[in-house]
There are 2 protein chains.
Amino acid sequence: MNKKRSSVTEDILGHQFGAFYKIPIENFFQFALSVDCVILGYHENGLKLLVIERGTEPHKGKKALPGDLVYPTEDMELAADRVLKDLTGLEDVYLTQSKSYGQVDRHPIGRVVTVGYYSLISVDRYQPLASSWASNVVWVDVKGLPQLAFDHNEIVNQVLSTLRERVRLQPIGFELLPKKFTLGQLQELYEAILNTSFDKANFRKKILSMNLLQDTKEFQTKVSHRPAKLFSFDKDKYESLLEKGFSFEM
Amino acid sequence: MNKKRSSVTEDILGHQFGAFYKIPIENFFQFALSVDCVILGYHENGLKLLVIERGTEPHKGKKALPGDLVYPTEDMELAADRVLKDLTGLEDVYLTQSKSYGQVDRHPIGRVVTVGYYSLISVDRYQPLASSWASNVVWVDVKGLPQLAFDHNEIVNQVLSTLRERVRLQPIGFELLPKKFTLGQLQELYEAILNTSFDKANFRKKILSMNLLQDTKEFQTKVSHRPAKLFSFDKDKYESLLEKGFSFEM
DNA sequence: CATTGTTATAGTTAAATGAACTAAAAGTCT
DNA sequence: AGACTTTTAGTTCATTTAACTATAACAATG
């Protein structure tokens with residue numbers, strides 16, 4: 001990387017009026033890049049966020065998003081995958097880029113710009129173990145989130161607000177549920193994310209009329225009442241409906 | 001900035017398992033950061049993008065987004081404002097952050113991560129002058145966009161797709177029109193962005209029923225037919241309706 | 001094994017919204 | 001004065017939404 005970098009002061013980026021006209025180009029290569037992962041899960045009563053507990057300064061003891069520096073020769077997306085796996089053990093998570101955060105003083109170590117990534121997963125994909133190196137990884141409730149390290153609260157809030165928008169127009173809610181789920185669970189999930197409540201009968205009708213769910217012939221067990229049918233999300237069907245002009249809406 | 005940076009190899013970021021455990025921290029501060037501005041305007045038949053023509057390598061002669069490097073001690077948002085002004089003369093534009101782009105090989109000069117910013121403006125706010133330093137700034141039609149420098153096409157497409165989503169749920173279309181506009185213009189705009197067509201009478205009814213427009217008692221002039229009423233967007237009214245639970249939808 | 005409790009499921013209604021269309025009125029230009 | 005184009009008003013029918021009632025299904029309990 002270094003070898004390729006020219007040290008001339010000429011207009012190598014091609015702008016004619018930029019401010020660094022006479023500033024050595026090296027002076028601009030002083031940034032570090034990091035990634036921070038917002039992993040959201042859903043469990044029983046609400047949305048959960050996966051955080052790690054910091055063992056060192058700065059912000060020692062505080063909870064923080066799993067995140068770390070990116071190598072100068074590493075692509076951001078791969079870095080996000082790597083960091084998430086290293087810090088939490090989670091693998092094969094589909095991460096989506098969120099916003100970037102680059103306040104000059106956001107990190108005491110120097111100018112570190114961080115890129116947020118997020119994903120929605122089913123909690124049963126990840127139970128933090130009490131033992132092992134991942135013992136400092138925990139799910140915390142999104143409601144009443146504690147103060148996180150750095151500007152991580154801001155990052156999370158940004159993700160939550162885009163999530164609330166996306167969830168209304170795309171069937172991403174299903175990613176938060178186990179493969180097989182009841183309509184009741186689905187409704188609770190949507191109510192939790194959108195912070196409203198739906199009429200049960202109408203909700204059911206609406207969802208079913210979309211024809212996105214597959215009736216697994218199975219039922220809930222171990223409940224002290226009539227067990228609900230278990231459904232699964234039919235992604236292929238959604239794709240094909242999309243092409244025919246179908247648009248999901250909640 | 002440099003003075004503050006520690007050179008120890010210890011775990012200064014607080015991760016326990018990160019890969020740079022024994023790599024000097026300096027090695028991570030090898031990135032440059034740039035900003036690229038996607039300025040969209042609307043004129044007559046369609047959406048327009050503001051681009052500059054590059055006078056130097058790489059990508060000499062190609063059209064490119066107005067963009068440049070960020071100073072190591074400069075906040076990203078301020079950099080975007082500065083760069084846009086330096087390259088195009090545009091000031092006081094409300095820029096919104098889009099995605100970041102950091103492919104390892106995206107820039108021959110070294111590892112340059114760029115952050116996209118975008119804004120919608122009324123074209124009458126900016127007419128590129130044939131003379132002066134801004135002579136290489138032009139509006140190009142978004143339909144059939146030429147090949148732009150670097151990964152700028154990708155950046156533009158990303159902005160366009162988020163624009164199409166946002167425009168349906170937020171009254172941001174008005175930002176693309178002059179302060180005073182006709183309902184016909186508004187309809188054309190929405191048709192251009194969403195690439196559909198609306199029934200004229202119904203469109204009018206829907207918009208007016210939202211009570212977001214203020215009737216300036218003025219009319220079109222110099223048209224060879226009945227002149228249309230000029231309206232303006234009432235932002236205050238929108239804010240107050242929002243609080244009462246109003247939701248804009250197209 | 002009947003009873004209890006809880007949830008799933010079906011069905012009904014009135015109101016609101018949306019789409020498609022017709023037609024008249026209002027102004028500018030030649 | 002007349003032609004032309006666009007704004008504006010109004011109607012109709014189909015569809016969707018919201019709120020609600022009522023019944024059926026089943027597990028657990030004693």
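Per chain, numbering begins at 1; letters A, B, ... match sequence-line order. Given the structure is predicted, the values throughout are model-derived calculations rather than measurements.
Taking atom NE2 of residue B:His225 and atom P of nucleotide C:dA26, one finds them 16 Å apart after rounding to whole Å. Between the CZ atom of B:Phe231 and the C1' atom of D:dT8 there is a distance of 10 Å, rounded to whole Å. Separating the CD atom of B:Gln187 from the P atom of D:dT8 is a distance of 12 Å, rounded to the nearest angstrom. As rounded to whole Å, 19 Å separates atom P of D:dT6 from atom NZ of B:Lys222. For the pair B:Leu186 CG and D:dT6 C1', the computed distance is 16 Å after rounding to whole Å. For the pair A:Gln220 CD and D:dA28 P, the computed distance is 11 Å after rounding to whole Å. Rounded to whole Å, atom P of C:dT7 lies 13 Å from atom CD of A:Gln185. Whole-Å rounding puts the B:Leu183 CG to D:dT5 P distance at 21 Å.
At a cut-off of 3.5 angstrom, counting only N and O atoms as typed in the model, there is a donor on one side and an acceptor on the other between the side-chain of B:Arg226 and the base of D:dT7.
Between the side chain of A:Asn153 and the backbone N or O of A:Leu148 there is at least one donor-acceptor pair closer than 3.5 Å. Formation of a donor-acceptor pair under 3.5 Å by the A:Ser98 side chain with backbone atoms of A:Tyr117 is not found in this model. Checking side-chain atoms of A:Gln187 against main-chain N and O of A:Arg204 turns up no donor-acceptor pair under 3.5 Å.
Heavy-atom distances to DNA chain D give each of B:Lys229 and B:Ser224 a nearest nucleotide, and the one nearer the 5′ end belongs to B:Ser224.
Proximity of the aromatic rings of B:Phe181 and B:Phe174 is defined here by a centroid distance below 6.0 angstrom, and this criterion is met.
A heavy atom lying under 4.0 Å from DNA chain C marks the following residues of residues 193-206 of chain B, by number: B:Asp199, B:Ala201, B:Asn202, B:Lys205.
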Listed pairs under 3.5 Å, donor-acceptor, residues 242-250 of chain B side chains, sequence neighbours left out:
none

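Interatomic distance, A:Leu120 CG to A:Leu47 CG, rounded to the nearest 0.5 Å: 8.5 Å.
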